[in-house]
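Accompanying notes for the structure given below.
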Amino acid sequence: MFVGLPLGLAAISWLRGAKAGHVPEVLAAVAILTGLIFNVFVLLFDLTMRATDKTDPAHQATINKLADELRANISYAVLLGLLLTGLFGGLALFTDTGQPLPVPVSAVIVFVAVQMLLTISMILKRVRALYRAFRRVGPEKIP
């Protein structure tokens with residue numbers, strides 16, 4: 001799904017001759033989204049460090065597994081965001097942004113962008129699972 005759907009949508013955009021435009025605006029949006037995703041990574045690090053001390057040892061393995069999977073998803077989403085930011089940045093620097101992009105470049109952008117959106121969906125799913133696991137352990141005691 002994480003390769004097939006983006007590849008299928010990229011192929012459809014290629015076959016239909018879709019040309020992406022508005023490179024500077026999309027560059028700003030992708031850069032902001034990448035920064036926000038990186039912020040979630042920092043938040044997860046802080047949350048798992050606090051939870052390690054307060055988690056019941058019976059649930060520790062589940063929480064560690066969910067946290068590791070979430071860190072991997074977030075890292076991959078940041079990598080995709082950096083790739084898209086670099087691609088759009090290069091296009092903004094070296095091409096005429098008033099003209100639509102060539103079809104092959106647009107297809108690559110569709111592939112990476114759809115994969116990034118699917119990864120963000122997976123991050124949301126895993127964050128929800130991690131919070132459910134924390135809730136099972138018990139509420140955090142505030143000193």
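Positions are given from 1 along the sequence.
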Joint cluster assignment, [X] & [Y], ILVMFWY side-chain distance < 4.5 Å:
{"X": "Met1", "Y": "Val114", "value": "yes"}
{"X": "Leu44", "Y": "Leu33", "value": "yes"}
{"X": "Val30", "Y": "Phe38", "value": "yes"}

The salt bridge (Lys or Arg N to Asp or Glu O under 4.0 Å) partners of Lys19 (sequence neighbours excluded) come to none
Return each pair, listed once, that meets side-chain hydrogen bond (donor to acceptor under 3.5 Å, both in side chains) where at least one residue sits in [range]; pairs must be two or more places apart or across chains.
{"range": "residues 4-16", "value": "none"}
{"range": "residues 22-43", "value": "none"}
{"range": "residues 112-125", "value": "Tyr76-Gln115"}

CZ of Phe2: more than 12 outside heavy atoms within 6.0 angstrom? yes
What's the shortest heavy-atom distance between [X] and [Y], and which atoms?
{"X": "Gly21", "Y": "Val26", "result": "O-CG2, 4.2 Å"}
{"X": "Ala77", "Y": "Met116", "result": "O-CE, 4.1 Å"}
{"X": "Ala129", "Y": "Leu66", "result": "O-CD1, 3.7 Å"}

Other than Leu93, which residues form its hydrophobic cluster under the rule that side-chain heavy atoms must be closer than 4.5 Å? Phe94
CA sep, side-chain torsions, deciding dist, call: Asn73, Glu69, side chain to side chain donor-acceptor pair (under 3.5 Å): CA-CA 6 Å; Asn73 288 139; Glu69 290 172 354; over 6 Å; no
Is there a side-chain contact (heavy atoms from CB on, under 4.5 Å) between Ile120 and Ile37? Walk through the geometry before answering. CA-CA 8 Å; Ile120 291 170; Ile37 293 170; 3.5 Å; yes
Just jot down the side-chain hydrogen bond (donor to acceptor under 3.5 Å, both in side chains) partners of Asp68, sequence neighbours excluded, or say none. Arg71
Could you state the interatomic distance from CZ (Arg126) to NZ (Lys65), rounded to the nearest 0.5 Å? 8.0 Å
Cut-off 3.5 Å, no hydrogens considered: what does the side-chain donor-acceptor table look like for residues 96-112, sequence neighbours left out?
residue : atom : partner : partner atom : Å
Asp96   : OD1  : Gly98   : N            : 3.2
Ser106  : OG   : Ala20   : N            : 2.8
Ser106  : OG   : Pro102  : O            : 3.1

Give every donor-acceptor pair under 3.5 Å between a side-chain atom in residues 78-92 and any protein atom, sequence neighbours left out.
residue : atom : partner : partner atom : Å
Thr85   : OG1  : Gly81   : O            : 2.7

By side-chain contact (heavy atoms from CB on, under 4.5 Å), which residues pair with Val127, not counting sequence neighbours? Leu70, Ile123, Tyr131
